[in-house]
Amino acid sequence: MYTRFIFCFLSVFLFCAVPAQTYEIRYVSSYNGKVQTDQPSPVIWVNEKENFILNTTIKEQKSTYPFEIIKIEKPSNTVISYAFLKPENIISSSDPQSVGKQAFELTDETKKILGYNCKKAITKVNSNTIEIWYTQDLKLKGGPSVLGQDLGLVLEVERNKNSLITATSIKKIKNTGIDKIINAPVQSTDQPGYKDLLWKSRFTTLNVFDQEIINFSDTSRSDATIKRYANGTIILKKISFPAITEGENIFAELKQQSNGDAYDRTGTVFFIPQDKTLSFFDGLEKGAKVLPAFDNGNGKLYYGVTATDHYSPAVEMMRFFTPFGIQHFNHIQLKNKNWHTVNPYRQDITELKPFLSGKELWIGAFIGNYDKGGHKISLEITIHKSDQAVHKNNMAVPLFNTLNIMEMAGQDYSTMFNRENGLWVDFTVKKDIKNARLRYITTGHGGWENGDEFVPKINSGSLDGKAIFSFIPWRTDCGSYRLYNPASGNFQDGLSSSDLSRSNWCPGTVTNPDFIPLGDLKAGKHTIQIKIPLGPTEGTSFSSWNVSGVLLGTE
C-alpha cells in the first residue's frame, strides 16, 4: 500500500514537471501568388504558456540591427515586444490589452492546412480586410502576428486578397534557444517610447541645430560649436557625414518658430563646398568682396553668386519661407482658427549625395530679418536605407546661387535680371556626363502689388545657346497654410496676405527644386544662361530673383 502511494505520488510529480510541449511553425510569405524569396520566412515558437514571433534570420542569429521579437504570454495574452537596437542594447514594452480588444466575424468556412482542420475569421485593421485561418486541433493558441492569438493556432493570414502568410511546416522541438538571442539586460519602456526608439534606430540622424536663434543683433557672437555671421542672421556648424551608399536616401528636416519677427522671410539651408582655393566661407570671414564678382553690365557687381575655376558658390539643400509669426503671435485670435505652434519643413535631398558622402562640411542656415528676436530653428539630416532610387547621379557640380545669404553683411540683392542677358556661368566638364540634369530652385521677390513676388514671370534657360527650359514658377496653394500664419494681415476683400499666390513660394513652405534634363554632356567647356524679365523699380521698391543651380549626372 505504501509503495503504491509513493509510485502514484511520483507519477503525478513527474507529470507536472514535464514542460509544456513546444512547436515550431514555419510560414512562407507571398504577394499576388508570388513567393517573397527576398524576405526571411516567419517563424513562431508556441506552447501553452507563450508564443514567440520571429523569422528564420533572427533564429539563425544572422539578422542585422535593428530587429524585433514579439512574445505573447498565455493565457493573459499580454504582448511583450523586444527591440534589438544594436548589440547589448535591447528594449521592451508590454501591452496587456490589444489582443483582448480584437473583434472578429467568425464564419462557417473551413479548409485543411497541413492536415489540420481550420476555420476562417475576418477582421478589419486600418481599412484592410484580414482573413485568418486557425485550427483548434492542437489545443494551442498563437500565430505569426498578434492577430487571432485567442482563436486557436493561426496557420494562414491573408490581407486584402493579395498578401498571404501560410504555414509550411509544424514540428515539435525541445528547446527554442531564445535565451541565446535575448542574451543581454533588457530595458523596459512605455509603448510610445519603445516605438520612437525602434523607429529612430532604423536610420542615421545627424543633429545640426537645436533651438538655435537666427536674429539681427549687434550682440550676436559665435561660440565653440556655432559660428554666427551678418549680425546673427547666418549660423554655421561643421558636420561630419558618414559614407552614404547608393541604396540610401537623405532628408533634411527643419523646424521653425517666430521668436519675435512677425513677417514672412526668405530662408535657406546650405552647405559650403571647399573643393577649390576660394569658398563662400572666405566671404563670411573676410567680407563678400573677397569672392569673385559677376558683372553683366548693369552697373552692379554681384559677389559670390557664380562658380569659377577657383570658387564654388554655396549649395542650397533647402529653400524655405517663414510664415507670419508662428507661435510668438499665436495670441492673435480669430474665430475657428487654431494656430499651429511649429512650422515643419522636410525635403528629400538625396541628389546631393556626391557632395555629402564621407565629407566634413560647414552646414548653414540663413533667415533674412532685421528683428532682435528673430526666429528659432532646429535642423536634422537623416540617412535612410531605401528601396526608392530616384536620384542615381554620382556627380554634382555647383554652378550658381544668387540668394544673397550675406544680405545683412552688405551682399546685394539679385537684380541682375534687369538686363536681357541675365545670369550666366561658364563651367568645364572634365569627363563625359550621362543623363545630366540641372537642379534649379527659383523664387521671385518684390513685395508690392507690381513686384515680381506677385507677378508671374517666365524663367528661361539655355545650355550652350540652346533652349533647355521655359516656364512660369507660380504657387496658387498659399491659402492652404493659413493656420501657420497668425500675424498675416487681413484685407477688405476677405483674403489674408498669406493666401495670395506668389512666384514659387508661400509663407510657411519649402520651394521644391525643378530637375531639368540636359541630355548627355561631352567633356569640355559649357555655358548655362538664365533669363527672367525683371519688373522695373518703383521709387525705393525693386524686384529680385533668387535662383540656384547644381549640375547633376553620371560620370
Side-chain angles (χ1 to χ4, degrees), residues 214 251-258 261-270 316-330 332 334 336-349 365-369 371 374-377 379 402-404 407 413-414 439-459 471-491 493-515 532 535 543-548:
I214 297 181
F251 281 76
E253 183 167 4
L254 180 78
K255 295 179 181 177
Q256 174 268 336
Q257 294 174 314
S258 168
D261 188 10
Y263 284 94
D264 53 334
R265 304 294 189 181
T266 303
T268 183
V269 175
F270 62 94
E316 283 196 282
M317 304 171 89
M318 172 195 291
R319 187 178 302 174
F320 65 95
F321 292 86
T322 70
F324 288 92
I326 189 170
Q327 177 61 18
H328 193 82
F329 292 88
N330 280 14
I332 300 174
L334 293 177
N336 297 325
K337 300 294 184 186
N338 296 316
W339 308 121
H340 292 307
T341 58
V342 63
N343 203 144
Y345 313 84
R346 183 169 169 83
Q347 185 174 343
D348 184 348
I349 58 168
F366 158 78
I367 297 176
N369 73 103
D371 190 273
H375 303 260
K376 186 184 296 183
I377 70 159
L379 174 65
T402 71
L403 201 161
N404 52 328
E407 174 186 347
Y413 286 84
S414 47
R439 181 186 190 259
Y440 181 67
I441 303 176
T442 178
T443 52
H445 305 270
W448 77 105
E449 63 181 15
N450 295 317
D452 282 8
E453 177 177 329
F454 300 109
V455 179
K457 293 293 181 70
I458 293 176
N459 282 221
F471 69 97
I472 298 175
W474 192 247
R475 290 286 291 266
T476 60
D477 60 333
C478 295
S480 301
Y481 305 94
R482 182 67 181 94
L483 293 181
Y484 291 95
N485 289 272
S488 178
N490 296 307
F491 306 133
D493 58 9
L495 292 174
S496 174
S497 178
S498 64
D499 292 332
L500 299 178
S501 299
R502 288 172 167 82
S503 289
N504 215 31
W505 64 275
C506 300
T509 67
V510 166
T511 293
N512 293 319
D514 288 285
F515 294 92
I532 305 168
S543 293
S544 63
W545 280 81
N546 294 325
V547 298
S548 67

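- Side-chain atoms of Ser544 never come within 3.5 Å of backbone atoms of Ser414 as a donor-acceptor pair (strictly under, hydrogens ignored).
- The shortest non-hydrogen separation linking Gly325 to Pro486 is O-CG, 3.4 Å.
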Could you walk me through whether Met317 and Phe270 pass the side-chain contact (heavy atoms from CB on, under 4.5 Å) check? CA-CA 5 Å; Met317 304 171 89; Phe270 62 94; 5.6 Å; no

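- Residues passing the side-chain contact (heavy atoms from CB on, under 4.5 Å) test with Glu253 are Lys255, Arg346, sequence neighbours excluded.
- Considering only heavy atoms from C-beta on, His340 stays 4.5 Å or farther from Pro323 through its side chain.
- Phe321 and Trp505 have parallel rings, their planes meeting at less than 30° on a 0 to 90° scale where 60° marks the start of perpendicular.
- With hydrogens and angles disregarded, a donor-acceptor distance shorter than 3.5 Å links the side chain of Asp452 to the backbone of Gly535.
- Looking at Glu316 and Ser548, their side chains do bring a donor and an acceptor atom within 3.5 Å of each other.
- Applying the side-chain hydrogen bond (donor to acceptor under 3.5 Å, both in side chains) rule to Asp264 yields no partners; only residues at least two apart in sequence or on another chain are considered.
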Applying side-chain contact (heavy atoms from CB on, under 4.5 Å), run through Ile472 and Lys457 and close with a yes or a no. CA-CA 6 Å; Ile472 298 175; Lys457 293 293 181 70; 6.0 Å; no

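- Tyr413 is listed as a side-chain neighbour of Glu407, based on a closest heavy-atom distance under 4.5 Å.
- Scored by the side-chain hydrogen bond (donor to acceptor under 3.5 Å, both in side chains) test, Glu453 finds Arg502 as partners (sequence neighbours excluded).
- For Asp493, the side-chain contact (heavy atoms from CB on, under 4.5 Å) partners two or more places apart in sequence, or in a different chain, are Phe491, Leu495.
- Across all their heavy atoms, Ala262 and Ala487 have their closest contact at O-CB, 3.9 Å.
- With sequence neighbours left out, Phe454 forms a ring pair (Phe, Tyr, Trp, His ring centres under 6.0 Å) with no residue at all.
- Residue Ile367 holds its CD1 atom at 4.0 Å from CD1 of Ile214, rounded to the nearest 0.5 Å.
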Could you go through Thr341 and Ile326, starting from their C-alpha distance and side-chain angles, then the distance that decides it, and tell me whether this counts as side-chain contact (heavy atoms from CB on, under 4.5 Å)? CA-CA 6 Å; Thr341 58; Ile326 189 170; 5.9 Å; no

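- By the ring pair (Phe, Tyr, Trp, His ring centres under 6.0 Å) test, Tyr440 is found to be paired with Phe469, residues two or more places apart in sequence or in another chain being considered.
- Within the 4.5 Å cutoff, the side chain of Ile377 has heavy atoms near those of the Leu254 side chain.
- Neither side chain, Thr442 nor Asn504, offers a donor N or O lying under 3.5 Å from an acceptor on the other.
- Looking at residues two or more places apart in sequence or on another chain, you find a side-chain contact (heavy atoms from CB on, under 4.5 Å) between Ser258 and His328, Phe329.
- Note: Lys337 NZ to Ser488 OG = 10.0 Å, rounded to the nearest 0.5 Å.
- Remark: Thr443 pairs with Arg319, His445 by the side-chain hydrogen bond (donor to acceptor under 3.5 Å, both in side chains) rule, at least two apart or across chains.
- Taking the side chain as every heavy atom from C-beta outward, Asn490 and Leu334 approach each other to under 4.5 Å.
- Residues that satisfy the side-chain hydrogen bond (donor to acceptor under 3.5 Å, both in side chains) test with Tyr263, not counting sequence neighbours, are absent from this structure.
- When all heavy atoms are compared, the tightest approach of Arg265 to Gly368 is CD-O, 3.0 Å.
- Taking every heavy atom of both residues into account, Asp371 and Asp261 meet most closely at OD1-N, 3.5 Å.
- Residues Gln257 and His375 form no side-chain contact, since every pair of their non-hydrogen atoms from C-beta on lies 4.5 Å or further apart.
- Residues Met318 and Ile441 are not in side-chain contact: their nearest non-hydrogen atoms beyond the backbone lie 4.5 Å or more apart.
- When all heavy atoms of Asp499 and Gly479 are compared, the closest pair comes out as OD1-CA, 3.4 Å.
- In this structure the side chain of Thr322 never reaches within 4.5 angstrom of the side chain of Thr266, judged on heavy atoms.
- Counting only heavy atoms from C-beta outward, the side chains of Val269 and Phe366 never approach each other to under 4.5 Å.
- When the salt bridge (Lys or Arg N to Asp or Glu O under 4.0 Å) test is applied to Arg475, the partners found at least two apart in sequence or on another chain are Asp477.
- Residues satisfying the side-chain contact (heavy atoms from CB on, under 4.5 Å) criterion with Ser503, sequence neighbours excluded, are Trp474, Trp545.
- With sequence neighbours excluded, no residue forms a ring pair (Phe, Tyr, Trp, His ring centres under 6.0 Å) with Phe324.
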Can Ser501 and Thr476 be said to form a side chain to side chain donor-acceptor pair (under 3.5 Å), step by step? CA-CA 5 Å; Ser501 299; Thr476 60; 5.3 Å; no

Between Asp514 and Phe471, does the side-chain contact (heavy atoms from CB on, under 4.5 Å) criterion hold? Intermediate values first, please. CA-CA 11 Å; Asp514 288 285; Phe471 69 97; 3.6 Å; yes

